[in-house]
Every structure is written in C-alpha cells, then in structure tokens.
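For reference, the structure discussed in these notes is given below.
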Amino acid sequence: MAEGSGEGSKRDWKSLWGIIKNTAELTVKPSVEIAKDKFEKVTLNAKEILESSKSLLRENVHNFVVQTGLNDPEKMLYRVSRGIMVGVTAVPLMVAASVIPEAFSQGVDKGFLALGITATRTVLPLHAMREAKRFINEIGKKEQ
Amino acid sequence: MIDQQYQKFEESIEKLFSSLSLESEKEEIKKNIIASLYFNYLAAIMNLIQDDSFKQKLKNPEELSSDDFNVLVEEGKKVLTGSNINYEETFTNSCNTVLNDFISELEPKLTPEKTAELRTIIAQ
C-alpha cells in the first residue's frame, strides 16, 4: 500500500509536472516572446543610433547654413577649407561668453561656452566642421 | 546658469544611452549630439543679433586678416553686450530642441512606451 502510494505519488508528480510544464509553455512562453519582441524593438543597434545622431547633426548643420544666410555652398566650402569658418562660428560664442562672467569662472573645460572659446583648438568643433564640409559636399554633388 | 544647463544636457545624453542599452559607438554619438547643439545654439544666437552690418561681416569673412578678425570679435562683444538676448533661455531651448529631435530620429524604430520613457528622461 505504502509502495503503491509511492508509485501513485510518483505518477502524480509526473502528471503534475506535466501540467505545470504545459501550463508554463502556454502561459510563460508567449510572455517571453512578447518580452523578446519588445526588447528587440527598444534595443537598437548601435550603428542605427549612430546613423540617427549623424542625421540629427546633418539637420542642424543644414539649419545653421540656411538660417544664418550662409547658404551658398561654394562660398561656405571655401570658407571651411580656409579654416575661417571655425573662427567665425566661434565668434558668437566668444562674445556670448564675454557677457556671462560665470562661464569664465568655471574654467575652460567645463561648460559649453568655454568650449566655444577654445573652438579652434577642440576636437568637437573640428568634428562639427568636418560634418559641415561633408554636408556641403553632398549639396554640391546633388546640384551637379 | 548655462554651465549647469550644459552639465544637465550631458547627463541626459548618458541617461538616454543607458535607457537604450547602448554599449558601443557612445563617444561618436555623443560628439554628434553635442556638435548638433553647437550648431543649433550658434544659429539661434546669430538669428537674435539685431545689428545687420555686424551680421553681414560675419557672413563675409573671406578677406579677414588675423587683425581684422580680432577687431570683429571686439565689435561683436559690443554688439552682444548691448543686446537684450537671453543667453540662458536660448541655450536651454537649444538643449531641449536637440535632445527632442534626437529622440524623434529614433522614434520610428522604438515602441511608443520606449519613446515616452526617453522623453520623460530629458524632461527631468
């Protein structure tokens, strides 16, 4: 009787495990799939995010060129190639910083305005200039 | 203060990266976003300058010598010191615009929930 109960118990556990397993497959698996689906949607490839950031920069360079009236690609390219544009874009930041003493007190490496003051020496504006040049070249190619 | 606002901008970028589980290309992406702010803010300031003759000089710098350039900077100081441009507000607007535009660039590839989460991060 005791053995029988043991066998019965084993069978019961097997059945119970089967029920649990089936239930898990029915209930958990779809949830996992949904989660995976969501995860894949939100975890963008780094390259995709990089492309989005390039697109953002291109858009801002475009707006800068158009809004400031520097919309002659040939002239702009000429200026960029002479490195003058780096200085010119630094001017508003330099003068802006000069009227905000706090920007100076924070030191050259802290703060955006201070960064603007060292525009000709920092990697960021040079990077921005390279992007501007690339953008202008693209305009040139489209116009040809 | 503009300096604090810039710090907040950089922190927001880091939070966005974290939320997007971004592991690689971080520096290049960050550089592009900050360069975008650079252009956005410059364009905003240039648009707020009322002195047309000064603006014209900024737009036509081909014949500037180094000395001329220094003179132009000095003139710029006077022009902008005398203006009523609110730099803090302009800078804050540029920060918000650039971050929101970055999310808009990503939006087509995100779930609405994730987009909302990213926008909440930059609104903080």
Side-chain angles (χ1 to χ4, degrees), chain A residues 38-39 41-44 46-70 75 78-79 82 84-85 87-100 102-103 105-106 110-116 119 123-125 127-128 131-132, chain B residues 1-7 9 17 19-26 28-47 49 55 58-62 64 69 72-73 76-81 85 87-88 91 98 101-102 104-106 109-111 113-114 117:
Chain A
K38 278 198 169 186
F39 182 75
K41 273 183 188 168
V42 298
T43 310
L44 293 173
K47 293 277 177 204
E48 286 179 288
I49 300 174
L50 179 62
E51 283 310 310
S52 295
S53 72
K54 282 182 181 173
S55 174
L56 174 78
L57 179 54
R58 203 171 294 120
E59 184 65 22
N60 277 284
V61 171
H62 173 79
N63 288 341
F64 171 75
V65 171
V66 174
Q67 286 176 29
T68 56
L70 298 168
K75 264 192 181 177
Y78 172 70
R79 290 166 192 170
R82 284 183 62 183
I84 291 171
M85 200 58 208
V88 172
T89 52
V91 170
L93 285 177
M94 290 165 82
V95 292
S98 74
V99 294
I100 303 170
E102 291 93 333
S105 67
Q106 297 299 321
K110 297 177 184 175
F112 182 73
L113 289 174
L115 185 65
V123 173
L124 174 63
H127 171 83
E131 197 58 37
Chain B
M1 290 213 337
I2 286 180
D3 196 56
Q4 287 171 338
Q5 185 60 41
Y6 179 71
Q7 203 175 333
F9 180 80
F17 287 176
S19 178
L20 290 164
S21 308
L22 188 66
E23 294 296 331
S24 59
E25 312 280 5
K26 276 184 182 178
E28 193 68 13
I29 294 167
K30 190 173 175 182
K31 214 184 270 183
N32 287 336
I33 298 171
I34 297 173
S36 299
L37 174 63
Y38 181 82
F39 281 108
N40 191 291
Y41 184 51
L42 281 173
I45 290 179
M46 293 276 275
N47 280 337
I49 297 172
K55 279 170 97 168
L58 287 180
K59 289 175 189 175
N60 298 291
E62 292 96 336
L64 286 185
F69 182 75
L72 186 63
V73 171
K77 280 182 187 174
K78 284 178 193 162
V79 169
L80 290 180
T81 308
I85 297 172
Y87 296 102
E88 248 178 80
F91 188 72
V98 167
D101 287 352
F102 179 56
S104 297
E105 287 284 345
L106 300 171
K109 296 160 196 162
L110 299 174
T111 59
E113 294 83 4
K114 195 68 188 175
E117 184 186 315

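Naming: A, B, ... by sequence-line order, numbering from 1 per chain.
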Is there a side-chain contact (heavy atoms from CB on, under 4.5 Å) between B/E25 and A/S53 once you walk through the steps? CA-CA 11 Å; B/E25 312 280 5; A/S53 72; over 6 Å; no
Just to verify, what does A/E51 make a side chain to side chain donor-acceptor pair (under 3.5 Å) with, not counting sequence neighbours? none
With a 4.5 angstrom heavy-atom cut-off, could you sort out which part of B/D101 is near chain A: side chain, backbone, both or neither? both
Assert top hit (heavy-atom pairs under 4.5 Å, partner chain A, pool B/S24, B/S104, B/S36, B/A44) equals B/S36
Roughly how far apart are B/K31 NZ and A/L57 CG, rounded to 0.5 Å? 11.5 Å
Would you mind telling me which of B/L106, B/V98, B/L37 makes a side chain to side chain contact (heavy atoms under 4.5 Å, CB included) with A/L56? B/V98
Is any side-chain heavy atom of A/N60 less than 4.5 Å from a side-chain heavy atom of B/Y41? no
A/N63: partners by side chain to side chain donor-acceptor pair (under 3.5 Å), with sequence neighbours left out: none
Atom CD in A/E48, atom CG in B/L22: separation rounded to 0.5 Å? 11.5 Å
To the nearest 0.5 Å, tell me how far A/I49 CD1 sits from B/E28 CD. 13.5 Å
Between CD on residue B/E105 and NZ on residue A/K54, distance to nearest 0.5 Å: 13.0 Å
